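Below you'll find the structure, written out as structure tokens, and then a few comments.
The sequence lines fix the lettering, A, B, ..., with proteins before strands; numbering per chain opens at 1. Being a predicted model, the structure only gives us computed values, none of them experimental.
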Amino acid sequence: MGKNLFNKVWDMHKVGTLDSGLDQLFIGLHLIHEVTSPQAFAMIKERKLKVLFPERTFATVDHIVPTENQRRPFRDPLAEKMMEALEINTKEYGIPLYDLESKNQGIVHIIGPELGLTQPGMTIACGDSHTSTHGAFGSIAFGVGTSQIRDILATQTIAMSRPKVRLINIIGALPKGVYAKDIILKIIRDLGVKGGIGYAYEFGGIGVEHLSMEERMTICNMSIEGGARVGYMNPDDTTFKYMKGRPFSPKEKNYQKALDYWNSIKSDSDADYDDTYTLNVEDLEPMVTWGINPGQSVSIGENMPFLKDLDTDEQKTVSQAYRHMGFEEGSPIKGKKIDVAFIGSCTNGRISDLRIAAEIAKGRKVASEVRALVVPGSKLVAKQAEEEGLDKIFTEAGFQWRNAGCSMCLAMNPDKLKGKEISASSSNRNFIGRQGSPSGRTLLMSPAMVAAAAISGKIIDIRNLKEI
Amino acid sequence: MDTSKMIRDSISGRCIAVRGNDIDTDRIIPARFMKVVSFAGLGEYAFYDERYTGNGDKKKHPFNDEAFSSASILLVNKNFGCGSSREHAPQALYRAGIKAIVGESFAEIFEGNCSVMGIPVLTVSSDDIENLMSEVENNPEVKMKIDINVKQLFLNEKAYNFNIPDSSRLSLLNGTWDSTAALLNARNKIISKSKELPYLHAFE
């Protein structure tokens with residue numbers, strides 16, 4: 001039996017086994033941001049520890065960044081304080097910081113790949129659960145808590161138990177109007193929000209080979225919503241092509257050696273997996289969530305489930321979801337009115353997402369009762385979009401064009417839902433209160449579906465654009 | 001670090017049950033309360049939006065119930081702590097007085113965060129959690145005793161078996177759950193590992 005990528009990369013980074021029985025794993029790349037790092041630096045200082053490999057940690061600001069008025073000091077004194085803490089900490093320990101002055105600032109999971117920091121065969125950790133995004137390059141990437149950030153800063157290693165590996169075999173070609181977001185929403189629905197606990201997900205199969213790096217990132221990004229802390233894909237020519245010429249990519253003279261390494265860590269063709277699941281995406285339809293966790297979704301033509309068709313355990317969560325959402329069991333998702341449209345986040349805030357949304361927005365107008373935001377995932381994404389004139393298309397259609405940041409995905413900044421507003425969102429979580437209002441409601445879907453909802457004022461099937 | 005002071009082989013206390021599957025980290029602590037540079041003071045925001053209305057009026061919630069105000073053991077259902085990696089979630093619970101959590105199952109990052117904080121996270125069967133929750137709701141004054149070594153907890157003179165990852169059990173018994181020291185012991189091995197990884201040397 002051959003070995004899968006996960007076990008190859010894990011073994012290569014294993015420093016040893018601790019007395020507890022956990023593995024000590026070397027972290028090749030550590031990314032930090034303003035929200036989960038200040039307490040870790042405080043712990044380091046309190047214990048008079050050093051940062052062992054300051055050159056392997058990179059910082060940016062994204063969660064609390066206002067996307068409209070970015071003048072310092074921020075209007076929110078708490079946000080300003082977090083920003084200052086990161087500035088002081090990175091300066092004190094010699095850690096590079098891509099702050100608002102930097103042309104490279106953006107959501108941590110967008111700038112890592114953009115800068116070529118994210119590479120195949122690495123272990124990558126960040127104090128954010130969507131770190132699984134970087135797995136799209138064939139790295140083992142996972143979210144960690146603040147005490148573990150402390151451990152990485154002090155030792156460049158982490159104590160962790162090795163998960164099992166499930167191969168998710170994606171076959172078939174995606175139909176028109178159906179996107180990577182729909183694939184991952186379908187996987188989470190099929191396997192459940194706790195289905196991935198204890199597993200790393202390897203997304204493989206012919207269906208993955210056809211996907212661009214940005215589409216792959218969208219899928220890996222939401223692994224955690226299915227309970228899997230790690231999601232990854234094997235690197236291939238698409239990966240290598242993406243890597244070329246980025247600021248931190250290996251230099252030309254060493255590129256062959258890098259390629260050899262990257263090819264060596266791919267899963268063997270006879271690799272062993274603890275479990276396998278196959279999804280044919282040929283007949284997949286646009287997916288929309290209707291509930292309060294990302295597993296509660298239907299395809300656009302489908303109705304929400306009847307309680308009587310569910311087991312007792314699920315009935316409780318589902319009836320709570322209907323109560324919060326104000327939806328009736330058995331009703332269609334299609335036609336539901338929205339108040340807010342949000343295009344952005346580490347899931348779907350990349351240039352290809354904005355291009356798809358712009359194509360739909362072009363020559364159309366946002367429905368008068370809808371507040372619509374487009375928030376590029378990074379300054380580089382914003383710059384590219386502006387060069388292509390996408391910002392104009394959006395603003396002419398009535399979308400607000402914002403600066404880079406996490407924005408309304410988690411609403412730790414001024415971008416929030418108000419009251420019971422309902423949003424069509426390209427982000428990753430529909431948890432109660434997630435978008436900033438305790439009674440606010442979130443429908444997750446692809447950026448194309450969000451753009452279409454913004455224009456029609458309700459959820460429509462993107463494949464029938466003429467409905468608008 | 002004096003590990004003997006960090007041994008957590010038994011925990012006793014009153015319990016509090018928060019029912020429901022898939023209780024996510026945004027519900028445990030809404031993101032707007034995370035705009036802090038220290039974890040101190042997070043306790044009052046635990047389950048905030050479940051406990052208070054938009055006007056700040058109290059809702060019915062176990063964390064608002066005086067009868068459970070001295071509880072230190074939290075009882076939960078399935079997939080507790082799913083969602084974000086924020087350690088603010090277990091920190092908020094810890095600072096609200098929670099010293100151990102017993103449930104049907106837990107999200108992985110949440111469980112890992114609890115482990116490095118020295119908070120035992122124990123799993124029991126669905127029947128047992130239902131039984132424990134009912135007992136506690138009927139009699140908030142009842143005390144639970146958790147014995148990490150024998151993997152049993154006791155309530156109303158009845159014993160229940162629980163599961164805990166071996167690594168967590170050992171580090172609670174040995175007082176080594178704060179991982180930094182153990183990791184730093186391998187400093188030389190860490191340095192040599194860094195020399196082996198080709199990408200750390202630009203593939204030179």
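- At a threshold of 4.5 Å between non-hydrogen side-chain atoms, the residues A:Phe26 and B:Leu197 count as touching.
- Per-residue heavy-atom pair counts under 4.5 Å with chain A were compared for B:Ala89, B:Ser84, B:Gly20, and the maximum is reached by B:Ser84.
- Heavy atoms of B:Arg169 lying under 4.5 Å from chain A are absent altogether.
- With a 6.0 Å cutoff to the six-membered ring centre and a 45° limit on the axis angle, B:Lys158 counts as a cation-pi contact of B:Tyr160.
- For the options B:Asn113, B:Asn174, B:Leu183, B:Thr53, heavy-atom pairs under 4.5 Å to chain A are most numerous at B:Leu183.
- Of the listed residues (B:Lys189, B:Gln91, B:Glu108, B:Met117), the greatest number of heavy-atom pairs within a distance under 4.5 Å of chain A belongs to B:Glu108.
- Contacts with chain B were tallied for A:Gly21, A:Gly16, A:Ser147; A:Ser147 has the most, counting heavy-atom pairs under 4.5 Å.
- Checked by atom type, the side-chain pair A:Arg429/B:Thr25 shows no donor-acceptor distance below 3.5 Å.
- Side-chain atoms of B:Val76 and B:Ile23, non-hydrogen and from C-beta on, never get closer than 4.5 Å to each other.
- Proximity to chain A (any heavy atom under 4.5 Å) is restricted, for B:Tyr199, to the side chain, taken from C-beta onward.
- Of the two parts of B:Pro198, only the side chain, counted from C-beta on, holds a non-hydrogen atom closer than 4.5 Å to a non-hydrogen atom of chain A.
- Remark: B:Lys58 fails to qualify as a cation-pi partner of B:Tyr52 under the 6.0 Å distance and 45° angle criteria applied to the six-membered ring.
- Top candidate by heavy-atom pairs under 4.5 Å with chain B, chosen from A:Val35, A:Thr36, A:Leu29, A:Leu410, is A:Val35.
- Heavy atoms of B:Ser179 lying under 4.5 Å from chain A belong to its backbone as well as its side chain.
- The choice from A:Met122, A:Glu225, A:Lys81 that makes the most heavy-atom pairs within less than 4.5 Å of chain B is A:Met122.
- Around atom NZ of A:Lys251, more than 12 heavy atoms belonging to other residues, nucleotides or ligands sit under 6.0 Å away.
- Between B:Phe110 and B:Phe106, the two ring planes are parallel [angle under 30°; tilted spans 30° to 60°].
- Heavy-atom pairs under 4.5 Å with chain B were tallied for A:Leu49, A:Ile149, A:Ile158, A:Leu86; the largest tally goes to A:Ile158.
- For B:Leu200, the part lying under 4.5 angstrom from a heavy atom of chain A is the side chain only.
- Among the candidates B:Leu173, B:Asn185, B:Leu184, the residue making the largest number of heavy-atom pairs closer than 4.5 Å to chain A is B:Leu184.
- Counting heavy-atom pairs closer than 4.5 Å to chain B, the top-ranked of the candidates A:Asp260, A:Val144, A:Ile64, A:Asp19 is A:Val144.
- If you tally non-hydrogen atom pairs under 4.5 Å between each of A:His130, A:Lys14, A:Met82 and chain B, the highest count goes to A:Met82.
- The aromatic rings of A:Trp262 and A:Tyr255 stand perpendicular to each other, their planes meeting at an angle above 60°, with 30° marking the opposite boundary.
- Counting only distance, with no hydrogens or angles, the side chain of B:Asn55 and the backbone of B:Asp57 share no donor-acceptor pair below 3.5 Å.
- More than 12 heavy atoms of other residues, nucleotides or ligands lie within 6.0 Å of CG in B:Asn139, so this atom counts as buried by the packing criterion.
- Of the atoms belonging to B:Glu111, not a single heavy atom falls under 4.5 Å from chain A.
- Side-chain contact between B:Asp49 and A:Ile432: absent, with no pair of heavy atoms (C-beta onward) separated by less than 4.5 Å.
- Most heavy-atom pairs under 4.5 Å with chain A: of the set B:Lys78, B:Arg19, B:Glu50, this distinction falls to B:Lys78.
- Heavy atoms closer than 4.5 Å to chain A are found nowhere in B:Phe33, neither backbone nor side chain.
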